[in-house]
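Just so you know, these numbers use all the heavy atoms, side chains as well, and skip hydrogens, waters and symmetry mates. Throughout, protein chains are lettered first and strands after them, A, B, ... in sequence-line order, and every chain is numbered starting at 1.
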2 protein chains.
Amino acid sequence: MTNQVKNVNPNVSVDCVVFGFDNDKLNVLLIEQKMANKEKVQFALPGDLIVDDEGLDAAADRVLEEITHISGVFLRQFKAFGDPNRVSDIKDLDWLASYRQNPQARVITVAYLALVKMDDFQPEASSFAERVFWQELQSLPSLAFDHNQILEEALDRLRDDFINHRTGFELLPERFTLGQIQKLYEIILGKELDKRNFRKKILKEKLVTATNEKQTGVLHKPAILYELNHDNI
Amino acid sequence: MTNQVKNVNPNVSVDCVVFGFDNDKLNVLLIEQKMANKEKVQFALPGDLIVDDEGLDAAADRVLEEITHISGVFLRQFKAFGDPNRVSDIKDLDWLASYRQNPQARVITVAYLALVKMDDFQPEASSFAERVFWQELQSLPSLAFDHNQILEEALDRLRDDFINHRTGFELLPERFTLGQIQKLYEIILGKELDKRNFRKKILKEKLVTATNEKQTGVLHKPAILYELNHDNI
DNA sequence: TTCCCCAAGTGTAAAAAATACACTAAGTTT
DNA sequence: AAACTTAGTGTATTTTTTACACTTGGGGAA
């Protein structure tokens, strides 16, 4: 009960790792922000300090909306990051330094994860973001703070969810072909899958139902369109 | 960039859900603490505010050690809890109120999970804990704050790890019988398992090796003792 | 109109994993 | 010597996973 002096209330933020699927590649939503000297810019995950009267989940929704104008995304908390030096260069960000009540204090962040169809969301920069954009995962720049690490861990978690078939359909169009699901899985998991075996498994899970429509305008045999089976979740 | 006023730096704590296995029941480590009016007591998970120069993982180790004198436990972060009202009755805890730099501010907690052999640890209360004790999960009291919820979520996570065979052996004695492992699994998962099938699976995983010793002093056929196969992890 | 291109769509055999199930063995106690 | 208690073992069945190659039906080009 004696060492009551070392505690300094930290700043707490949320960071959102929003993966976007464009039917071809996996992307992640990044922002570009100016550094204090006005010359350099840096890239980062969308994130900001929480405010006092909101829960963490609500903070994640709000922050994502404020910075990128993206809302209605299912964000899932996956880990808190709290290394004391994880935001050592925060003083380079004048907007943040002036924002913080305890500018000298560290920043602990709670990271959230989401997966969306890129087409459904047109990010628009605001708040302190100079620019918001979808970045292909294959060519990731170096990110601010520990955001590269946060992104890596988010990707691990995302893949884990796919392997256990707990997610994935939400980022397909309303009607989709089995080929599209397979491609999605291949992109997320980063490996090829056998077509017949994949179909067997997906159809057995009964999460999708065939409609009686087919693709049109494709230069090959048109595929049957499926839709999500909303009852069966 | 205009609403820069609502942020108040929260207090950040860690809470440790330490499950203890006594070869028969699953227990959890709780503390008893006095409330401000000195009459009432309450039960809670061991936890405390973090200090400024330590990471979250280190904070969890330190806090557990300070409050319960238990150290060397593998604590795994599993979720942050940040509902703005989750610690509404914190003013009842004078030790905490006086400790906090921002007594008016909310408390966000990062929850950790561990699983140990009860026999290996003799908790001893210190710091603000009046008492530290192992409580059987079957007869849990009502806990402070949202600690019942945190405990529930920890248990879900623990079971998930067992189902995927990612954990469990660490809380057996150095040498153990297959029956003991099975009993452990049955206690954690809360259901009976088929003996032959369970043995097949465990042995196939090659995580344990038979020694050439047997149990002694039991009033039935003595079982072969196994030990952890440390190479194979 | 024919031919070509392209992904869609389909089945089967083999191997591996999961499940269900019941008796004998080896100590201890009485 | 008998009784009690948990250890220890095998097989048949079902389910799941994996590997693998050809035909189909549209659109576009010649």
Side-chain angles (χ1 to χ4, degrees), chain A residues 21-25 159-160 162-166 168-169 172-187 189-227, chain B residues 21-25 159-160 162-166 168-169 172-227 232:
Chain A
F21 178 61
D22 66 356
N23 299 307
D24 181 38
K25 293 213 158 97
R159 287 187 171 139
D160 202 65
F162 266 78
I163 287 167
N164 296 306
H165 297 268
R166 280 192 284 249
F169 300 94
L172 290 166
E174 192 168 354
R175 301 199 157 179
F176 48 84
T177 70
L178 295 181
Q180 284 176 292
I181 308 186
Q182 184 174 345
K183 195 165 177 189
L184 164 63
Y185 267 74
E186 289 176 339
I187 290 168
L189 300 180
K191 65 178 178 188
E192 298 208 336
L193 302 171
D194 179 88
K195 181 162 55 162
R196 281 178 284 195
N197 296 337
F198 183 81
R199 283 167 175 247
K200 256 182 285 185
K201 201 145 69 179
I202 292 299
L203 292 175
K204 185 146 36 136
E205 309 227 340
K206 296 251 178 76
L207 296 173
V208 298
T209 333
T211 67
N212 38 27
E213 284 180 61
K214 290 181 181 177
Q215 268 181 319
T216 55
V218 286
L219 48 155
H220 55 76
K221 176 175 176 179
I224 293 173
L225 293 172
Y226 288 75
E227 58 187 12
Chain B
F21 178 63
D22 66 356
N23 300 306
D24 180 38
K25 292 212 160 101
R159 287 187 170 140
D160 202 65
F162 266 77
I163 287 168
N164 296 306
H165 296 269
R166 281 191 286 248
F169 301 93
L172 290 166
E174 192 168 353
R175 302 198 158 180
F176 47 83
T177 68
L178 295 181
Q180 284 177 292
I181 308 186
Q182 183 175 346
K183 195 167 176 189
L184 164 62
Y185 268 75
E186 290 176 339
I187 289 167
I188 305 283
L189 299 181
K191 64 178 178 188
E192 297 208 338
L193 302 170
D194 180 87
K195 181 163 54 161
R196 282 180 282 196
N197 296 337
F198 183 80
R199 285 166 173 246
K200 257 182 284 185
K201 201 145 72 181
I202 291 299
L203 292 176
K204 185 145 37 136
E205 309 225 342
K206 296 251 179 73
L207 297 172
V208 299
T209 334
T211 67
N212 39 28
E213 285 181 59
K214 290 181 182 178
Q215 271 181 318
T216 56
V218 287
L219 49 156
H220 55 77
K221 176 175 175 180
I224 293 174
L225 293 172
Y226 288 75
E227 57 187 11
N232 226 6

Worksheet item: Any side-chain heavy atom of B:D160 sitting closer than 4.5 Å to one from B:F162?
Response: no
Worksheet item: Going by heavy atoms in the side chains, are B:L184 and B:F169 under 4.5 Å from each other?
Response: no
Item to complete: Mind running a 4.0 Å heavy-atom check of residues 185-200 of chain B against DNA chain C and sending the residues that fall below it, in number order?
Response: B:D194, B:R196, B:N197, B:K200
Item to complete: Kindly state which residues belonging to residues 216-226 of chain B come within less than 4.0 angstrom of DNA chain C, counting heavy atoms of the residue only, listed by number.
Response: B:V218, B:L219, B:H220, B:K221, B:P222
Length of the [atom1]-[atom2] vector between [X] and [N], whole Å:
| X | N | atom1 | atom2 | value |
| --- | --- | --- | --- | --- |
| A:K201 | C:dG9 | NZ | P | 19 Å |
| A:Q182 | C:dG9 | CD | P | 11 Å |
| A:Q215 | C:dA7 | CD | C1' | 9 Å |

For [X] and [Y], which heavy atoms make the closest approach, and how far apart are they?
| X | Y | answer |
| --- | --- | --- |
| B:K221 | B:Q215 | O-OE1, 4.4 Å |
| A:D194 | A:Q182 | C-NE2, 4.0 Å |
| A:I163 | A:L189 | CG1-CD2, 3.9 Å |

Worksheet, complete the sentence: Bounded by its outermost nucleotides with an atom under 4.0 Å from a heavy atom of chain A, the footprint on DNA chain D reads D:dT16 to D:dG27
Practice prompt. Measure the NZ-CD1 distance between B:K25 and B:I187 for me, rounded to the nearest 0.5 Å.
Written response: 9.0 Å
Worksheet item: Which distance, rounded to the nearest 0.5 Å, do you find between the NZ of B:K191 and the CD of B:E186?
Response: 10.5 Å
Item to complete: Check every strand shown and say whether B:K183 touches a base, only sugar-phosphate, or nothing at a heavy-atom separation below 4.0 Å.
Response: nothing
Practice prompt. Take the angle between the ring planes of A:F176 and A:Y226 and call it parallel below 30°, perpendicular above 60°, tilted in between.
Written response: parallel
